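The model shown is predicted, which means the values in this text are computed figures rather than measured ones.
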Amino acid sequence: MNIFKRAAFSLNNKGGNPAGVVIMSEPLSDKSMLSIASDLGYAETAFLSHEDRNIWRIKYFSPEMEIDFCGHATIASGSVLGKEFGAGNYQLITNIKTVDINIENLDDDNFKVSFESPRTWTKEAPINVVSDILNNFNISQSELNSDYPVKYAYAGATHLILFLKDRETLRNMEYNFEKVKAIMLEEKLTTISLLWIDSNNIIHSRNSFASGGIYEDVATGAAAAALAGYLRDINWKFGNKFTIHQGEDMGSLSKIIVEYTNEIRSEIKISGETREIY
């Protein structure tokens, strides 16, 4: 068993969301994987076992539970596969589907990795749940951007989408961790995405991951894919490619590149650079 540490969605070899990546030489129990993820303390740790050629089985664990799909740990896993086995195309068998990834070598230690997300959907968020969430974030209805309806969005995991009117509200994000965690677990929400549009192709994001025992995620690939599916479903008029800046208010600016087609529910392409954590 080899344990690696990588930051996904880094920018200029800085920032990014740290993840553990474990290449297993023999199977581990879920209890053992959860223990390793807890010891590492990252938002997620990915565990990979070789299946055949460039095909790997992957499982994701937060410090508190298994996650069906995680974008940033997928990107981090791609960089480890690239470093250990070479750049190119790989397939990762997740709990949900087989995910295609492409790995491009930037230099000896750093890579650009892209993956195709699971298929997407959006649906209305229950009014009472939205009200409880807003109360626990100390956000009023008047602070939401009415051009973007509050919805649940899915791309391998379910996220609550909340667009804000101004950058200051996003910058000041804070919330009641235990109460929000209880709501998220009840609703099976992986993150709560607070978003602010800077320009037509740059969106700023902050993500609560209380359900996984983490106050805030630095960069969230699965949430980025869910956001793209949401924008497609509301007929967003600003094109099919945008960039997410996340982690800036945590002192770890991250960059997520998102591309999608107009085909309803189709997969979302997520790309980002990585850096090694020493």
Check for a donor-acceptor pair, side chain of Thr94 on one end and backbone N or O of Leu92 on the other, with a separation under 3.5 Å.
no
Is there a donor-acceptor pair closer than 3.5 Å between any side-chain N or O of Arg6 and the backbone N or O of Arg275?
no
Looking only at the side chains, is there a donor atom on one of Asn128 and Ser131 sitting less than 3.5 Å from an acceptor on the other?
no
Straight-line distance of Glu216 CD to Asn17 CG, nearest 0.5 Å:
10.0 Å
Output for pair (Ile161 CD1, Ser205 OG), nearest 0.5 Å, gives 8.0 Å
Exam field: side chain Asp52 to backbone Ile55, donor-acceptor pair closer than 3.5 Å
no
Could you tell me whether the side chains of Asn201 and Ser199 share a donor-acceptor contact shorter than 3.5 Å?
yes
Is it the case that Thr220 and Gln246 place a side-chain donor and acceptor less than 3.5 Å from each other?
yes
Using only heavy-atom distances, determine whether the side chains of Asn89 and Asp100 contain a donor-acceptor pair under 3.5 Å.
no
Verify, without hydrogens or angle tests, whether Asn145 (side chain) and Asp147 (backbone) share a donor-acceptor contact under 3.5 angstrom.
yes
Polar side chain donor-acceptor pair, Asn95 to Asp68, under 3.5 angstrom:
yes
Quiz question: by atom type and distance under 3.5 Å, do the side chains of Asn262 and Asn240 form a donor-acceptor pair?
yes
Using the six-membered ring wherever Trp is involved, compare the ring planes of Phe85 and Trp56 and label them parallel, tilted or perpendicular (cut-offs 30° and 60°).
tilted
Is a donor from one side chain sitting under 3.5 angstrom from an acceptor on the other, for Thr122 and Tyr154?
no
If we ignore angles and hydrogens, is there a donor and acceptor under 3.5 Å between the side chains of Arg232 and Ser266?
yes
Thr191 and His159: side-chain donor and acceptor closer than 3.5 Å?
yes
Which label fits Tyr175 and Phe137: parallel for a plane angle under 30°, tilted from 30 to 60°, or perpendicular past 60°?
parallel
Here the pair of heavy atoms bringing Ala219 nearest to Ala8 is CB-O, 4.3 Å
Hydrogens and angles aside, do Trp236 and Tyr230 bring a side-chain donor and acceptor to less than 3.5 Å of each other?
no
Evaluate whether atom CD of Glu51 has more than 12 neighbouring non-hydrogen atoms of other residues, nucleotides or ligands under 6.0 angstrom away.
yes
Please confirm whether the backbone N or O of Tyr90 pairs with a side-chain atom of Asn54, one donor and one acceptor, at under 3.5 Å?
no
Are Asn110 and Asp107 close enough that a side-chain donor and a side-chain acceptor fall under 3.5 Å?
yes
NZ/Lys97: more than 12 non-hydrogen atoms of other groups inside 6.0 Å:
yes
Is the shortest side-chain N to carboxylate O distance from Glu273 to Lys255 below 4.0 Å?
no
Atom pair CD1 (Ile197) and CD1 (Ile202), whose distance is rounded to the nearest 0.5 Å:
11.5 Å
Separation between CZ (Arg119) and CD1 (Ile264), nearest 0.5 Å, reads 10.0 Å
Please find the pair of heavy atoms, one from Ile214 and one from Gly41, that lie closest to each other, and give the distance.
CD1-O, 4.4 Å
Arg167 and its side chain to side chain donor-acceptor pair (under 3.5 Å) partner, picked from Asp198, Asp249, Asn172:
Asp249
Here the gap from Ser77 atom OG to Ile58 atom CD1, rounded to the nearest 0.5 Å, amounts to 3.5 Å
Any salt bridge between Asp30 and Lys59, counting N to O under 4.0 Å?
yes
Looking at every non-hydrogen atom in both residues, tell me the closest pair between Pro149 and Ile234 and how far apart they are.
CG-CG2, 4.2 Å
Checking side-chain polar atoms at under 3.5 Å, does Glu267 have a donor or acceptor matched by the opposite partner on Tyr260?
no
Minimum side-chain heavy-atom gap Ile257-Phe242 below 4.5 Å:
no
Side chains of Ser29 and Ser32: donor-acceptor distance under 3.5 Å anywhere?
yes
What class does the angle between the rings of Phe47 and Phe61 fall in, given that below 30° is parallel, 30 to 60° is tilted and above 60° is perpendicular?
perpendicular
